[in-house]
Chemist: 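Please find one structure pasted underneath; my questions will follow.
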Amino acid sequence: MTNSATSLRTHLCGELRTTHIGSTVSVCGWLARRREHGEHLAFFDIRDHSGVIQCVVDRTVDVRSEYVVRITGVVRQRPEGTANDTLPTGEVEIGDCQVEVLNIAEPPPFPVDSRADDVDENVRLRHRYIDIRRERMQRNVRLRAKVNSAIRRAMEEQAFVEVETPFLMPSTPEGAREFLVPSRKEPGSFYALPQSPQLWKQLLMVAGVDRYYQIARCLRDEDLRADRQYEFMQLDAEMSFVTQPDVLAAIGRAVTAAAKAATGEDIPPIEQITWREAMERFGVDKPDLRFGMELVELTDVFAKTEFKAFASAAAIKGIRVDAATYPEQAAWGRGRLDAITDRAKQLGAKGLVWLKVAADGSFESPVAKFISAPETAEIIGRFGAVAGDMILIVADEWSTTCEVLGQLRNDIGRPPVHEGPYRYVWVVEFPLFVGLDPTTGKPRPGHHPFCHPHPDDLALLDTDPLRVRALAYDLVLNGWELGSGSIRIHDPAMQRTVFNKLGISDEEADRRFGFFLQPFRYGAPPHGGFAFGIDRLTAILAGEENIREVIAFPKTQSGLDPMTNAPTKVDPAQLAELGIRVLPPATK
RNA sequence: GGUCCCGUGGUGAAGUUGGAGUUCACGCCGGCCUGUCAAGCCGGAGGUCGCGGGUUCGAGUCCCGUCGGGACCGCCA
């Protein structure tokens with residue numbers, strides 16, 4: 001703060017302390033609040049990004065909410081009994097104030113303080129320049145800058161080189177939907193904005209850059225969510241002559257540095273869990289380790305069951321909503337139970353069985369009569385359930401059972417983002433392929449088709465491709481997927497093999513990925529990399545549920561900007577120059 | 001593409017069984033006030049109940065559509 005002085009100000013509002021008593025100071029800022037006591041005494045709270053200082057004015061001045069002012073006066077101790085211990089500057093005030101109005105202002109559309117947290121977000125976004133004046137938003141904006149800065153420092157200390165990559169690139173239809181940019185010189189042709197710099201960074205490895213990083217803007221034309229915007233920032237990195245542990249260590253240092261810069265706290269070494277274990281125990285590939293309620297295996301319990309819904313199920317698992325930790329949820333009545341059953345069905349389950357543990361150790365449930373006494377005892381035993389607990393069971397394909405329960409576990413037990421410790425975890429050994437493409441009958445890539453298979457599973461490529469693990473990994477924090485990466489295939493023969501499994505012929509590979517594959521014939525080093533989302537990391541470190549709160553000018557869920565009204569219609573002449581004619585909207 | 005919730009002065013809310021644009025708080029404007037601190041007291045202004053249609057003697061309230069916002073599913077290799 002010491003170098004914030006300018007020709008107009010000597011100090012920031014929020015930095016004045018008892019050590020400044022006696023100094024003549026000038027501060028500049030916005031009038032946050034005015035308390036008038038007649039024409040001979042008024043208190044002005046002046047706000048800048050650093051905080052608020054009380055200024056005492058002994059004459060009438062027409063200064064209103066959010067007027068931009070410059071105050072000059074002498075810092076003094078507040079009189080006995082009038083200090084404000086809720087304010088960092090509360091022991092002092094600026095007295096004998098000269099007030100200079102630098103600019104007038106209309107009354108703001110919402111209070112420029114924490115009360116605006118309850119204001120319709122659309123209104124906040126329409127006047128984002130006022131919203132960001134608030135302490136919360138200033139904190140978030142500055143926290144984000146700290147995160148960026150710490151990441152840069154950590155990457156550079158590890159000999160990563162920042163390289164900027166093109167924004168205008170060819171369209172590559174794989175993966176996320178792209179934003180297209182029409183070419184003026186080649187009407188009918190389009191550039192695509194990068195979904196990520198994936199292509200470029202691997203070429204930089206072929207180019208001998210050795211370690212690349214970039215705090216890169218990525219654009220994806222997919223529907224928006226609390227943790228997704230059209231444009232978002234990633235720490236994008238790639239390294240040569242590495243194996244998986246090298247990449248995890250390097251990225252781990254960057255995340256650790258960012259977390260330290262944001263919270264001041266060191267984080268312990270990041271633990272690892274395999275994808276399989278994450279699915280078995282938490283039912284998701286991005287487990288929130290802040291709470292228990294782990295999935296419990298029940299398939300064998302019902303091996304010989306009379307209960308038809310369970311008899312033929314491939315996998316049966318359950319979670320226990322323990323009444324001590326979740327008294328409200330464990331006691332849910334029929335309405336809430338119906339709602340969560342609907343939720344389970346929406347997620348793909350055929351149904352959901354709920355069992356309430358009665359005082360005598362029996363189950364209260366519409367299906368209790370189908371569950372034998374030995375089965376009941378075994379279930380109670382496996383969960384360690386006690387009276388009052390509720391048990392939710394799904395019986396389905398393995399992946400559906402895990403995924404549905406994992407989602408219900410999150411719905412019921414997940415703490416708010418600002419709560420609990422930060423639990424970072426590497427999820428490793430993702431499957432190389434996930435499921436079969438319904439049209440081709442071939443496996444689909446789990447991450448992307450350039451992911452290196454796990455060396456221990458190469459033999460399975462021919463016999464059981466869906467069981468092949470990849471050298472692919474995700475970084476997860478408190479149930480949020482921060483990012484993912486992999487060791488890449490650098491050997492053209494291996495690449496051909498994987499394409500072959502995906503049902504992509506040499507010719508098709510050449511056609512679709514030729515510009516990318518050809519360079520690999522000129523000596524590609526073994527390499528791997530990673531990218532993680534800075535918006536998401538910053539949001540969690542800021543304790544925000546929504547990444548919009550850590551983005552200065554975000555879009556709404558429907559992709560609009562309430563401030564600029566983007567996207568807008570454009571002049572027909574502009575379209576003509578680009579060779580574009582807009583079709584009338586499709587009618588139903 | 002789908003499911004659910006929301007839309008009432010500048011802001012946040014309440015509005016009962018369908019019965020007058022009614023109410024509360026903050027803000028705003030004017031007045032008073034010499035130690036307040038999201039000051040206090042007095043007075044005042046401010047509305048296309050998102051928009052359109054329907055039902056009804058009568059709609060903020062019920063129905064349909066639409067626009068906008070949010071959460072989620074699909075989607076995000």
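In what follows, every chain begins at residue 1, and chains take the letters A, B, ... in the order their sequences are listed. Heavy atoms only: backbone and side chains are in, while hydrogens, waters and symmetry mates are out.
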Chemist: With no angle test and no hydrogens, is the base of B:G74 tied to the side chain of A:Arg225 by a donor-acceptor pair under 3.5 Å?
Modeler: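 Flag set: donor-acceptor pair detected.
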
Chemist: Can you check the A:Asp411 CG to B:C4 P distance for me, whole Å?
Modeler: 17 Å

Chemist: Could you identify the nucleotide paired to B:A71, looking across every strand shown and requiring Watson-Crick or G-U wobble geometry with both distances under 3.5 Å?
Modeler: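 Result: B:U3.
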
Chemist: May I have the distance from A:Gln346 (atom CD) to B:C72 (atom P), rounded to whole angstrom?
Modeler: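 Atom-to-atom, A:Gln346 to B:C72, this comes out as 12 Å.
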
Chemist: In Watson-Crick or G-U wobble terms, both distances under 3.5 Å, what is the partner of B:U34?
Modeler: none

Chemist: Can you identify which nucleotide, out of B:C28, B:A38, B:C76, has its nearest atom closest to the A:Pro107 side chain?
Modeler: B:C28

Chemist: What does B:G19 pair with, Watson-Crick or G-U, if both distances are under 3.5 Å?
Modeler: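 By the stated definition (distances under 3.5 Å), B:C57 pairs with B:G19.
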
Chemist: Tell me if the side-chain of A:Gln54 makes a donor-acceptor pair with the base of B:U36, cut-off 3.5 Å, by modelled atom types.
Modeler: yes

Chemist: Roughly how far apart, to the nearest Å, are B:C4 and B:C26 at atom P?
Modeler: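 Per the computed distance, 39 Å lies between those P atoms.
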
Chemist: C1' atom, B:G27 versus B:G46: distance in rounded Å?
Modeler: 11 Å

Chemist: What's the closest nucleotide to the side chain of A:Arg228 if the choices are B:G70, B:C76, B:A39?
Modeler: B:C76

Chemist: Could you measure between the two P atoms, the one in B:U8 and the one in B:G54, and give it in whole Å?
Modeler: 24 Å

Chemist: Are A:Arg220 and A:Phe232 close enough, and set up right, to give a side chain to side chain contact (heavy atoms under 4.5 Å, CB included), and what steps lead you there?
Modeler: CA-CA 9 Å; A:Arg220 295 180 187 172; A:Phe232 58 99; 3.7 Å; yes

Chemist: Side chain of A:Arg78, base of B:C37: donor and acceptor closer than 3.5 Å?
Modeler: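 Counting by modelled atom types and ignoring angles, a donor-acceptor contact under 3.5 Å is found here.
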
Chemist: Counting Watson-Crick and G-U wobble pairs only, both distances under 3.5 Å, name the nucleotide matched with B:G10, or none.
Modeler: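 Across all strands, the one nucleotide that pairs with B:G10 is B:C26.
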
